[in-house]
A.B. asks: 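The structure is given below, and queries will be raised subsequently.
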Protein chains: 2
Amino acid sequence: MSVTLKDIAKRVGKSVTTVSRALHDFDDVSPDTKAEVRSIAEELGYIPNIHAQRLQSKHTDTIGFIMPTFGPRFSDPFFSEFLAGIGNQAAKMGFDLLVSTCPPGTKELQAYEKNVRSPRVDGFIIVRTRQQDQRIKFLSQMKFPFVSFGRMLEHNDYAYVDEDGEYGMGLITNHLADLGHKRIAYLDAPGHFMFAHYRRQGFLDGLKEKSLEIDQDLIVTGDMTQRAGFQLATEILKQESPPAAIVACNDLMALGAISAAQQLGLTVGIDVAITGFDNIPLAEHCHPPLTTVHQPIYQIGEMVCEMLIKKIRSEPLDQEQIILQPSLVVRQSSIGNKKSL
Amino acid sequence: MSVTLKDIAKRVGKSVTTVSRALHDFDDVSPDTKAEVRSIAEELGYIPNIHAQRLQSKHTDTIGFIMPTFGPRFSDPFFSEFLAGIGNQAAKMGFDLLVSTCPPGTKELQAYEKNVRSPRVDGFIIVRTRQQDQRIKFLSQMKFPFVSFGRMLEHNDYAYVDEDGEYGMGLITNHLADLGHKRIAYLDAPGHFMFAHYRRQGFLDGLKEKSLEIDQDLIVTGDMTQRAGFQLATEILKQESPPAAIVACNDLMALGAISAAQQLGLTVGIDVAITGFDNIPLAEHCHPPLTTVHQPIYQIGEMVCEMLIKKIRSEPLDQEQIILQPSLVVRQSSIGNKKSL
DNA sequence: ATTGAAATCCAAAACGTTTTGGTTTAGAAT
DNA sequence: ATTCTAAACCAAAACGTTTTGGATTTCAAT
C-alpha cells in the first residue's frame, strides 16, 4: 500500500488540507508545520497519486505522439532520433510522453480522438504532414493544442517547425548542375507528403533555374525505404542511356540507390553521382559517404516539444511558425575523388 | 466540457450507478435501460474519464518503456523496430505505452521508481540487460511486473525473452572458419551488456572448436555505432598483417567496417570478409549485402509485450523464459562472388 | 393474503488529491 | 471590554468513476 496524504496527516496530527498545502508551500501554513510535514513525507517516501492529481487538476502533464508508420518491418532513423529529442525535452520540462503507432487512415483519427477525449494527453506532436492533413484539421477544430513538424499548403494558422525543403533541394540541384550534370533522375516520395512536395518543387525549380530539361521518365516514386531506393535506382540505371546523377528525396532511398549502382559495377561519385536528404547518422560512414542536406532532427524534436508545452501552459511563443534553412553537406557520393568543385 | 456519467444519468432519468452498470453490461440492468443508456451515451459522445477510472481501479493499463540511450545523435534501428513491436501489441491488447529516454545510471533508477510509485504504469519492459542489472534488481525487489529482452548471468527467476547469442555467433564463426579464415578480428561491444557477453563467448568458443588461435589484439571494443565500427576496422586493417575476416557483434558496426574496408580500397567479400549480427533492414540492401544473424526484433517486441500484459493480468505464461535460436543469413559480404561454400 | 425469489434499481462510500470557504486563536488596537 | 487583524488551521466539496450493500417492485407459488 502506498503512502497517502491521509497517512501523513495522521502522523503529523494535522488535517489532510494542511498537509497538502504544506507540501505546496502555501503561506497559510506555519514554518514549523511545513518542516514537520516535509520531513515526515520524506520519511514515509510519499509520492503523490498521479491519477488523483490529474482527476482534480484536469490536466495530464503528458504529451502524445502517434507515429504514422506502416508495416512491421519499420525502421526509420528519423523516428528514433526525433523521439529522443521530444522525449528528453519533455522529461526536462516535467512532462510524460505517450507514444503509439498507427498507420495513416481512419483508425488514426480515432486514435487522436480517443486520446483527446479521455483525456490522456494535453497536446500532440504531429510529424510528416500531408496535403489535407486530417489530423491537423481535427485538432484545430477541437482547439486542442498541437505543434507539427511540417506545414500544410493552405490553412497555416497553427504552430509548426519546418525545414525549407525547397531551398535544401535547390542546393542539391545547383551542386549537381555546377558539376556539369544535365540529366538528373529523382527518387520521389508519395505526393501526399508535404515534405515530398517541397523537396520535389525545389528540385524542379532548380532544374529550371539552370535551364535543364525536366524528363518525366526520370522522376519515379518510392516508399522512402532503402529497398525502394535500391529497386528504383536499379531500373533507372539499367536504361540504355542512364542519367549520370540520381537525387533521392531522402537518405534511406539514396543508400539503396548507392547499393544498386555498386551492384551494377558502377563507382558511385565517379560513374554516377547520388545524393540524399536528411543527413542521418548512417550517411557519414557509408561508402562512399553520402552528399546530403543536413536536418537537425534531434533539435527539431526538442523545439517542437518545447513549443507545445508552452502552448499548453498558455505561455506566448517567440515564433509561431519557424522555417529552418538546411545546409548542404558535400561528400564523396557526388564528387568522387575530386577535392573541390 | 466533456460528457460524464452524470449527464447521461440526467438524460435517462436513472442513477449514475445504473448508467455505469449498463455500460458495463451488468445483468442487474434491464435490457431496455441498457439500450437507452447506450444510445444516449453514443449520442452525447461519452468517453470515460480515464483518470477517474484509474484512480478507482488502481491500475493504469499502461506499460512503461525507458529507452537506455546515450547522447543526442542517437539512431539505432533496434529501438524503432522494437518500439513498433511493443507499441502495436500494446494497442492491440488495450494498453497505452509510456516512453521515456534515460542514459544508464542513477537517474535511470529514479525514473523507474517514480513511474512505479506514482503509479504511472502497470509494468515495465526492459531491454539491453546488463551484468548486475540494477533495473531488474529494483523491479524484482518491488515485486513490480516486468519482462525483459535479455538475461542476466545469475538471478534468473523472472520472465524474459532472449536470443541465443552464443549459438548465433557460433554460426558466424563456423561459417568463416569453413571458408578457410584463420585470423579473425572481433568488434566487441562494452562488456557490461549481456548480449555482448554471450556473443563474444560464442565467438571465442567457435574459434576454440575449430582449433583457431585467439589473438587478443584482434579483439577490440566499440560503442555499437557505425562510426565506431568504421574507426576500429580502419585501425585493424591498417596493421601490417591485417586479418582477412572481421566479425562485428552488431550490424551497425559491421556497416561501418564495410565502409572502412572500402575506403582502404579493399573489396569486401573478396579481400576481407565482414559479418554483422541483427539483420537490420539496412543489412540487405547495402553493398555488398551483409552476412549476419537474423533476429526478429519486431516479433520479440510483440512477445515481450504480450507476456508483460499477461503477467499484469495475472494470467499464466506458457513459458516464463524463452530463448530464441537465431539463424544465419549468408550474403556477399562474407563470400564475395562465390555462389556457395 | 403471505412468502419467496427474481428483476431492477440506487444512495453512499471509496479512490487521493486540490480548492473552497470558512473557523479558531492570539494578540494588538481601540 | 470590545473590535479587528493576522496567523494557522480544517471540514467539506469537488473531480468522475466503480463498488458496496442494500431497497423496491413484480409476480408466481403457496
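All heavy atoms count here, side chains included; hydrogens, waters and symmetry mates do not.
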A.B. asks: Does atom NZ of A/K137 have more than 12 heavy-atom neighbours, drawn from other residues, nucleotides or ligands, at distances under 6.0 Å?
C.D. replies: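 Enclosed.
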A.B. asks: Could you verify whether a donor N or O on one side chain and an acceptor N or O on the other, from A/D7 and A/Y46, lie under 3.5 Å apart?
C.D. replies: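 No, no side-chain donor-acceptor pair sits under 3.5 Å.
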A.B. asks: Name the closest nucleotide to the B/T18 side chain, picking from D/dT20, D/dA14, C/dC9.
C.D. replies: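 Nucleotide nearest to B/T18's side chain: C/dC9.
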A.B. asks: Measure from NZ on A/K58 to P on D/dA13 and round the result to the nearest Å.
C.D. replies: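 A/K58 atom NZ is separated from D/dA13 atom P by 19 Å.
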A.B. asks: So, B/K310 and B/E320, do they make that salt bridge, N to O below 4.0 Å?
C.D. replies: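 A salt bridge is absent here (no side-chain N lies under 4.0 Å from a carboxylate O).
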A.B. asks: Could you state the atom-to-atom distance from CZ of B/R120 to C1' of C/dT17 in whole Å?
C.D. replies: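 My rounded result for the distance is 14 Å.
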A.B. asks: Please determine if A/K311 and A/D122 form a salt bridge, counting it only when a charged side-chain N lies under 4.0 Å from a carboxylate O.
C.D. replies: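 Salt bridge: no.
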A.B. asks: From the set D/dT19, D/dC10, C/dC9, return the single nucleotide nearest to any side-chain atom of B/K14.
C.D. replies: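 Closest nucleotide among those given: C/dC9.
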A.B. asks: Checking all strands, does B/S20 fall into the base, sugar-phosphate, or nothing category for heavy-atom contacts under 4.0 angstrom?
C.D. replies: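 B/S20: base contact, heavy atoms under 4.0 Å.
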A.B. asks: Tell me if the CG atom of B/D27 is crowded by more than 12 foreign heavy atoms within 6.0 Å.
C.D. replies: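 Open: at most 12 neighbouring heavy atoms sit under 6.0 Å from CG of B/D27.
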A.B. asks: Take B/L55 and B/P31, find for each the nucleotide of DNA chain C with the closest heavy atom, and name the residue whose nucleotide sits nearer the 5' end.
C.D. replies: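 Checking each residue's closest nucleotide, the 5'-ward one belongs to B/P31.
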A.B. asks: Between A/R117 (side chain) and A/Y112 (backbone), is there a donor-acceptor pair under 3.5 Å?
C.D. replies: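 Checked: no pair found.
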A.B. asks: Ignoring hydrogens and angles, state whether a donor on the side chain of B/T17 or B/S20 is under 3.5 Å from an acceptor on the partner side chain.
C.D. replies: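 No pair is found: no donor N or O on one side chain lies under 3.5 Å from an acceptor on the other.
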A.B. asks: Could you tell me how far apart A/H59 (NE2) and D/dC15 (P) are, to the nearest whole angstrom?
C.D. replies: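 From A/H59 NE2 to D/dC15 P: 16 Å.
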A.B. asks: What nucleotide, of C/dT20, C/dC15, C/dC10, holds the atom closest to the side chain of B/T17?
C.D. replies: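 The answer is C/dC10.
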A.B. asks: Both B/D27 and A/F26 contact DNA chain C. Taking the nearest nucleotide for each, which residue is further toward the 5' end?
C.D. replies: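 The answer here is B/D27.
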A.B. asks: Going by heavy atoms closer than 4.0 Å, what residues in residues 32-52 of chain B are next to DNA chain D?
C.D. replies: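 Residues of residues 32-52 of chain B under 4.0 Å from DNA chain D: B/Y46, B/P48, B/N49, B/A52.
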A.B. asks: Using whole Å, what does the distance between atom P of nucleotide C/dA7 and atom CZ of B/R21 come to?
C.D. replies: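 Checked: the CZ to P distance equals 15 Å.
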A.B. asks: Whole angstroms only, please: what is the CG-P distance between A/L5 and C/dT19?
C.D. replies: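 Computing the A/L5:CG to C/dT19:P distance gives 12 Å.
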A.B. asks: Quickly work out the B/R54 CZ to C/dG16 C1' distance and round it to whole Å.
C.D. replies: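 For the pair B/R54 CZ and C/dG16 C1', the rounded distance is 16 Å.
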A.B. asks: Rounded to whole Å, how long is the line connecting atom CD of B/Q53 with atom P of D/dT18?
C.D. replies: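 Computing the B/Q53:CD to D/dT18:P distance gives 5 Å.
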A.B. asks: What is the distance from CG of A/L23 to C1' of D/dC9, rounded to the nearest Å?
C.D. replies: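 In whole Å, D/dC9 C1' and A/L23 CG are 15 Å from each other.
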A.B. asks: From the options D/dC9, D/dT18, C/dT20, select the nucleotide whose nearest atom is closest to the side chain of A/D28.
C.D. replies: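 Out of D/dC9, D/dT18, C/dT20, the nucleotide with an atom closest to A/D28's side chain is D/dC9.
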